[in-house]
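Okay, structure first, notes after.
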Amino acid sequence: MKSQVIGAAVLWIATSVALAQSVVQPTGNTPRFPKAYKDLEKQTKPPSNNWLLDADDDIERFRRLQVIAGGTDIPMWEIAHRYEELYVAIQNNNWEMGVYHWEKLQDRLNTAGMKRPARTQNIEGMFLDSGVWKSMHDALTSRDAGRMRTQFQVVRQACIACHIAEKVGFLNDSSVFKRTESLPR
Ligand code: HEC
């Protein structure tokens, strides 16, 4: 009797673990790797939601992280968002919010350069070390609304100029530049 109870308990635990590990598929579709990523086929374990931990080794895990971290495009989403929040901050005379986004934007430009080192020259030369970044920072900490407004237009032009220099000038039609074209006084 006792062994039956233990047996049932073991079975219950084993089933629970198996269920927890198996992916619940509401669609009933079989999990599989995308055809575009041939390297994933080498994985010993079957495809599951444990896309990182189920990789065969750490080299493969790092490789997958590098793939999802992207290049310049993903940081640019964040940069565009923070640039637009800076625009909002200036309109509201909220210089602290402006400084917050401006400093994070600097971090993100640097990590973009880490990922795409051929862009570092323009990131630093046209933006971070050219005076564009510092002048905006100084304008914010001066709390001078007029200075902030003037400097914002310089920033906008520097973004646009770097896209041209990096041969992606077509991106200057992005809606964010239209929305930030002028700063009402
Ligand atoms: C190195 C110079 C450089 C600077 C400075 C720069 N960008 Fe970019 N930006 C790029 C490059 C290169 C791409 C294209 C990335 C790619 O091809 O993956 C890009 C892409 C973008 C995109 C499109 C992202 C997407 O894929 O959806 C936006 C929006 C953008 N940048 C906004 C800005 C804004 C706003 C600023 C200024 C605050 C700025 N960028 C400053 C180089 C720059």
Side-chain angles (χ1 to χ4, degrees), residues 33-41 49 51-52 55 59-185:
F33 290 124
K35 286 193 283 292
Y37 293 155
K38 299 276 175 252
D39 283 355
L40 298 177
E41 301 295 341
N49 288 7
W51 64 276
L52 195 55
I59 291 179
E60 175 59 12
R61 284 185 193 100
F62 282 125
R63 193 192 67 81
R64 289 181 191 185
L65 287 176
Q66 183 164 299
V67 170
I68 64 151
T72 316
D73 54 345
I74 297 175
M76 282 293 155
W77 283 358
E78 186 181 327
I79 286 164
H81 167 73
R82 295 190 186 283
Y83 159 86
E84 199 160 9
E85 290 301 311
L86 169 70
Y87 177 81
V88 171
I90 293 172
Q91 279 174 308
N92 291 335
N93 286 321
N94 185 343
W95 68 275
E96 286 163 302
M97 180 167 128
V99 167
Y100 172 88
H101 285 292
W102 199 234
E103 290 180 354
K104 302 273 178 191
L105 188 146
Q106 178 188 40
D107 291 345
R108 206 48 66 236
L109 277 170
N110 279 318
T111 55
M114 174 180 80
K115 291 168 161 180
R116 293 293 180 262
R119 304 205 200 279
T120 303
Q121 185 176 325
N122 285 336
I123 288 171
E124 293 181 347
M126 300 183 74
F127 210 94
L128 294 182
D129 294 349
S130 63
V132 170
W133 189 85
K134 187 169 183 303
S135 300
M136 185 74 243
H137 199 271
D138 290 348
L140 289 164
T141 52
S142 76
R143 307 185 196 188
D144 177 335
R147 240 176 109 182
M148 290 180 210
R149 282 171 155 72
T150 307
Q151 210 49 46
F152 185 82
Q153 291 310 326
V154 177
V155 166
R156 183 175 174 278
Q157 285 310 322
C159 304
I160 287 173
C162 197
H163 293 155
I164 293 169
E166 291 285 336
K167 314 282 183 231
V168 290
F170 53 84
L171 288 174
N172 290 333
D173 268 340
S174 297
S175 56
V176 69
F177 293 118
K178 190 78 201 159
R179 287 196 296 272
T180 55
E181 204 166 21
S182 63
L183 254 169
R185 296 247 164 200

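Whatever order the structure lists them in is the order used to number ligands and atoms, beginning at 1. A quick note: this is a predicted structure, and the numbers were derived from the prediction, not measured.
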Legend entry - Any N, O or S atom of T72 closer than 2.8 Å to atom 8 (Fe) of ligand 1: no
Inset, instruction - Nearest 10° is fine: what angle sits at atom 8 (Fe) of ligand 1 between SD from M76 and NE2 from H163? - result: 170°
Inset, instruction - Please name the residue in the list F170, F177, F127 that meets the ring-ring contact (aromatic ring centres under 6.0 Å, His included) test with H163. - result: F177
Legend entry - Polar side chain donor-acceptor pair, E103 to H137, under 3.5 angstrom: yes
Inset, instruction - Starting from atom 29 (C) of ligand 1, find the nearest protein heavy-atom neighbour and note its residue, name and distance. - result: A80 CB, 3.9 Å
Legend entry - Selection from A165, C159, G125 by shortest heavy-atom distance to atom 38 (C) of ligand 1: C159
Legend entry - Pair E41 + K38: basic N to acidic O under 4.0 Å: no
Inset, instruction - Look at atom NZ of K134 and say whether more than 12 heavy atoms of other residues, nucleotides or ligands are closer to it than 6.0 Å. - result: no
Legend entry - Ion pair check, R82 and E85, cut-off under 4.0 Å: no
Legend entry - Flag if over 12 foreign heavy atoms under 6.0 Å of CD1, I68: yes
Legend entry - Numbering as shown, the atoms of ligand 1 that approach R119 to under 4.0 Å (heavy-atom distance): 12 (C), 17 (O)
Inset, instruction - Flag S174 as yes when one of its N or O atoms lies below 3.5 Å from any N or O atom of ligand 1, and as no otherwise. - result: no
Inset, instruction - Would you mind telling me if ligand 1 is within reach of the side chain of V168, the backbone, both or neither, using heavy atoms under 4.0 Å? - result: side chain
Inset, instruction - Can you pull out the closest protein heavy atom to atom 26 (O) of ligand 1? Residue, atom name and distance to 0.1 Å, please. - result: D73 CB, 3.7 Å
Legend entry - Protein heavy-atom partner closest to atom 14 (C) of ligand 1 - residue, atom, separation in Å: L171 CD1, 3.8 Å
Legend entry - Protein residue, atom and distance nearest to atom 27 (O) of ligand 1, heavy-atom basis: W77 NE1, 3.0 Å
Legend entry - Q121, CD: over 12 other non-hydrogen atoms inside 6.0 angstrom: no
Legend entry - Proximal ligand 1 atoms for C162, defined as those under 4.0 Å from one of its heavy atoms: 1 (C), 2 (C), 3 (C), 4 (C), 5 (C), 43 (C)
Legend entry - Residue pair T111 / R108, side-chain donor-acceptor N/O under 3.5 Å: yes
